[in-house]
Every structure is written in structure tokens, then in C-alpha cells.
Amino acid sequence: MVKKYIFGAPFETDAVVCGPEECSREYDAQNGTITTENGFCFHYELNDTDVIYGLGEANRGINKRGYIYVSDCSDDPDHSEDKTSLYGAHNFIIISGARNIGLFFDYPAAITFDIGYTKQSVLEVSCERADLYLYLITGDSAYDVAKQFRKIIGKSYIPPKYAFGFGQSRWGYKTAEDIENVAKGYRENKIPLDMIYMDIDYMQDYKDFTVNSERFPHFPEFVKKMRSENVRLIPIIDAGIKIEEGYDVYEEGAEKGYFCKREDGTDFAAAVWPGWTHFPDVLNPDARAWFGAKYERLISQGIEGFWNDMNEPAIFYSKEGIDTLNETIKEYADYLKNKEKSGEDTPADGLFDELMDNARALPSRVKGAFENLQNSPDDYRRFYHNVNGKMIRHDLVHNLYGFNMTRAAAEAFEKIAPDKRILLFSRSSYIGMHRYGGVWTGDNKSWWSHILLNLKMMPSLNMCGFLYTGADLGGFGCNTTRDLLLRWLALGVFTPLMRNHAALGTRNQECYRFENVDDFHHIISVRYRLIPYLYSEYMKAAQNDDLYFKPLGFVYPDDKIAIQTEDQLMLGNEIMIAPVYTQNVSGRCVYLPEEMMFAKFCPDGSIYTQVLDKGHHYVEIALNEVGLFIKKGKRIPLVDVAQSVEEIDMSTLTWLGYEGAEYELIEDDM
Ligand code: GLC
């Protein structure tokens, strides 16, 4: 059952689309107490064994208990264990134990989830203003609660079928030739590939919706040529619009008043990749429609998918931030001068210049002002959105920017190409955005711990509606290693978004760059063999408001070990996955909550199977192998390897698993 409570005057986020009609101001305290005097605070006494699920794209475990999390969309590439905010804001949690209660705090500014951090037995959710909707869901199990929640937030985004293929990306592909070489590297080594992503360098001076004509001289022809080889090009779109005379998107936006404004009505300027930019006011429906329509420029050149980035929105610095820094530096310079005059410890000649050059040597105040330039909370208070004629300060709706940028694109696609599915995913998001696109989990690192973080985020994201998800395989930051990439790809085989992406300046990470390329060919081939299953399970999850990835505890709620197992996941209704995420091992321990068939895809193309009893096992899985576990009495479809999704030959379909099981295969040609 879902109940909706209203506190104060909430902002309409559009997260919930089919919620209860009735809304109550009388809150029932048996489900936790609420105070609204100094901001909003929800307080709940936890039982020792209560598990807290949810929070979507958040740090740490599947069970969120024992830490503090802040929904505050942040452009922070260091996803270390201590971080409390990442790129998304997904304010849905499930308290699961003797009772199962779901809570969605529909509040678009920063909100804190203290989940047994201050006090182990206390869950506290608090935010500065008591203006929000609270949705309270009760159910028979955590799984039941999650499905009820999914119903009220509306159906999840469905990408085109090709987007279930493998994609290669790198920040640093600059020319058509770079891209052709990547395609060649894959095709020559017979490693399947469906997409090559185009990072910011394809643009003219980082201007959205432009293509650099020197580096991509005949872009539509190039897109067509790649398409004829079954490779789709997927360009990035950033949030900031470069301020440059003659750039029509800038000029139009400024003229129509579609950019976010300062309090005095002037357009707020922030520096991002292009230098000074304005942010389209995507919370204003007119501006949103205007910005979304611009995607047509690339669609008309043959583009069929996009990734939206820097949409927290990320800010390198603002004019106001620079002014504050300059003032602090000036104050410090004056101080040094006065000191010099008064004859105290005279600073050596040129010290000031040296200080300016070397931020590390600057005294802490200057250093603080310098560090505060990027993604500064002060800047988020410096600009406004026009929402139905009312100016709303950005920090109060901060977590809705990425959502609405992506919505802008998706709403436009309905007009531009109503009969087509277009690939779309975003870095920043809020619940509700799951109806318009997927998410990738941002700038992770080539760390073994990030394979596990990737795994753990997946079911939590699914609970919040985000089904088309995945991480930068191999790691975005830092130099990857061959074994790390292979192990991570073996998890990526199962994530709907399967993309290898790396940062500028890091070691080359395309699969064909490493020794024994056959191993990469083999791992990615397994993905293509499984696509009929993965696609069918994705479609079922999307159509039935279900989860594609589930924690084991959702399927085996009475099995304590299953509930506590966080490095294995249920995928769809037939299989369990247990990827290897440690270095220098030849296999791993797995827990089977019931009898299952272990199936291992071996490098010679054969499949080793063994029925294993309920309980603990050690399974051997080499670097060039992929393992999965088929539930008792189930089977899954398999096809022969293809070089792209389009080339999959359904007439090669066979079955893997228990004899005689039923399976509903979902096929379409989109
Ligand atoms: C951001 C994105 C990353 C991209 C880079 C350059 O860091 O998260 O994926 O490669 O910007 O566009």
C-alpha cells in the first residue's frame, strides 16, 4: 500500500506519475517520527537485523546501513569509500526486517540519510526545509515494496536493441581516423562491437550540437559509413552552452531568455570545457523544448544515440568565484606589503609571484578560495530557474538538473523520431529520469574495488527505476591492467550498458591493445551469445515494473546468508551472477541459496556445466572465462556469436540449463 504525505509547500519534481490521488497532512507516527520545526527530520529506530536497501547510485554496500549518504548531485571523480555524494540523487530507501517499509522523500535539494552512522540503531533522514512529499509504502517483502514503488514512478526507459551490444569509448578520440582505427581494431580481431562513443573532441570548440569540420570533414557520410559496418557513433552532449558570438545556440538562448539567470536577471556564466558557458534552464518547459530540439541537428546527420554529461551541472569556476579568489589574493598581497613596510620578516622578492604560481604553497585561505572555485555551493546559490514564471534559486532544486536535461532530449526525440528508440543516458539524475534514459556511473577508477562498487550499485539503481545502467569498464581514471579489464568486462557482460571508457592521458584501454586478444574476443562474445536472454529480461523488467538485477535477499528473503551476500546478484528470473573482482585469483567462493547449475563459457567456445547443491562452493573461473548460475528448473536461450547485435542469427538459438523448462523469449526489431 502506498500513502502520500505532504509537508509545507513542496516543489513538483515530476518524479511520481501514478501515485495515490489523496495526499495527507496527518502523518502516522507508527512508521517513524517526523519533526518539522528546524527543517525536516524523519527518525526511525532500527532493529538489529533490519536491512536498508535503496539510494540508487550511492557508495558502499547493497545494505546501506552503517554510513551517511547525502543526495546532492556532485561532479566528483574520486569515488573513495568515504564519499557521501555521487552524481545521482535517488531518495528511495526500503527498511526490511520484521516489517517492510519503503520511503521516498521527494525533495530536490540536498537531503541526508544517516543510516546508523551517528547511532547504529537509528535511521535519520533530514533536510533543510520541511517542504516535501513523503511516499510511504508497506509490503510483504522488500521486493514487493520495490515493485510498488516502481509502479508509482512510471515505466523505465527502453533503449534500442543495438544498445545491448558492446561499446568502446575514450576521451581523446579526435578525428574520424581515430574512430575508424578503433572500429578496425575491433573488427580485425573479431571482437564484437556496436558503438563507438564520441567524447568532447568531436565538437567545434566544445560547442554542443556542432561537429568539427576539419577533423570530421564529411560527417553524415562518415556516420553512414560506420553504420554500414554496424557501428553506431554516440556523441556526448554537455550541459553548458559556450558563450560565443555567432554561435546560434548561444545567441538564440540569450535572446529568448532560456539560460539560467542571476538574481539581477543577467545570464549566469560558468566555465566548463568550452570556457565561459551559460546553462540552459531545463526546468523551464519552453527552454527545455528549445534545448531538446537542438539534438535534431545530429539526428539529421544519422546519429541514433547520445550521452548527456556535466549535468549536475559541473562548474569549474564562475566569475564571482574568480572575483572572490582575486580578493583573497589581493588581501594577502596587501598583508605582505604592510608587513614589508613595517619591517617585520620581509618576504623575499618575487615571493608573491611564486605563491601565485604554486597553489600548494599558498597559505590556506588563498588555497581554500582556490579549491572552492570548482562545483562551489556558493555558485549553486548564484543562479535561478524560471519555473512557471517564478524564479527558483538553483540550490533548492539542484538535483533536478541532469534529470531535466535528459528529459529535454527524450521529449524532443518523441517529436523528432516518434517511431524510433534512441539511446540516451546521463551522468546526473533524479528519480523520474529513469523514464527518459539510463545512467552511467561516472568517473570511476581502474581499481579492483570499483568492480565491486559497480556490482553493488546495479540492484539499488534498479529499485529506483534505472534499468539501463553500467559503469566505465576497465575504469575511467588511472591506468588499467589487462587482468582488471578482463574481470570487469566479465561483469559488464551482464550490465545492460556495456561500455569500455577511459580518461584522457590514461593507458590505452581498447581491448585489442593487449596481449592475447583472443581472451577479450571470447569474453565479449559471451555477451552476444546471451543477448536474447539479457534483452528479454530487460524488457520484462521494464514492462512489469520489475528489477533486472536483484539482491539475493529479494528472491530468498528467509535465507540469512543470501540476504548478507553482496557480491552476487540475481539477473532476471533465471540466473545468478558471481563475478570475480580480486586480482591474482583463479576463481572465487559463491553461495548458492538453492541447487543451481553452474555454467562456464570456456575460451574454446564450449560450455562446462555442473549442478551444484545449495551451500558454499569454490568455483574456478579463469581470466578468459565467464561463469553464471542457472536456477533450478530454469533454462536460458543462447545464440551463436555475432559481430554486432544486428547480425545475431536467431535461427542458431539453443537452450542452456534444466531440460524442459519454460521460457518467454521477447523479440522485436527495434
Ligand atoms: C567527464 C565525464 C567523462 C568524460 C569527460 C570528458 O569527466 O564523466 O566520461 O570523458 O568528462 O568529456
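Just so we're clear, the structure is a prediction, and the values are computed from it rather than from any experiment. When a ligand or atom number is given, it counts from 1 through the structure's own listing order. In this chain, residues are counted from 1 in sequence order.
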Nitrogen or oxygen of [X] less than 3.5 angstrom from that of ligand 1:
X: W171; result: no
X: D472; result: no
X: R427; result: yes
X: D199; result: yes

At under 4.0 Å between heavy atoms, is it the side chain or the backbone of [X] that contacts ligand 1, or both, or neither?
X: W440; result: side chain
X: D238; result: neither
X: W307; result: side chain

Evaluate the side-chain proximity of [Y] to [X]: yes if any heavy-atom separation is below 4.5 Å, no if none is.
X: D106; Y: Y430; result: yes
X: D519; Y: F514; result: no
X: D201; Y: R215; result: yes

Between Q168 and Y186, do the side chains contain an N or O donor and an N or O acceptor separated by less than 3.5 Å?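 Per modelled atom types, Q168 and Y186 side chains form a pair under 3.5 Å.
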Between H79 and N444, is any side-chain donor less than 3.5 angstrom from a side-chain acceptor?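 There is no such pair (donor and acceptor under 3.5 Å, judged by atom type) between the side chains of H79 and N444.
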Compute the ring centroids of Y202 and Y197, then answer whether they are less than 6.0 Å apart.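 Ring centres of Y197 and Y202 not closer than 6.0 Å.
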Check whether the ring centres of Y401 and Y380 lie less than 6.0 Å apart, and answer yes or no. no
Proximal atoms of ligand 1 relative to I236 (non-hydrogen, under 4.0 Å):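 Per the distance check, 12 (O).
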Short list, please: which atoms of ligand 1 are under 4.0 Å from a heavy atom of W273? 11 (O), 12 (O)
min-distance protein heavy atom vs atom 11 (O) of ligand 1 -> D309 OD2, 3.1 Å
Shortest protein heavy-atom distance from atom 8 (O) of ligand 1, along with the residue and atom involved: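 Minimum-distance protein heavy atom for atom 8 (O) of ligand 1 reads D443 OD1, 2.5 Å.
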Give the C-alpha distance, both sets of side-chain angles, the deciding distance and a yes or no for side-chain contact (heavy atoms from CB on, under 4.5 Å) between E229 and E180. CA-CA 11 Å; E229 296 170 24; E180 276 179 317; 5.8 Å; no
A student comparing M198, R170, H501 should find that the heavy atom closest to atom 9 (O) of ligand 1 comes from H501
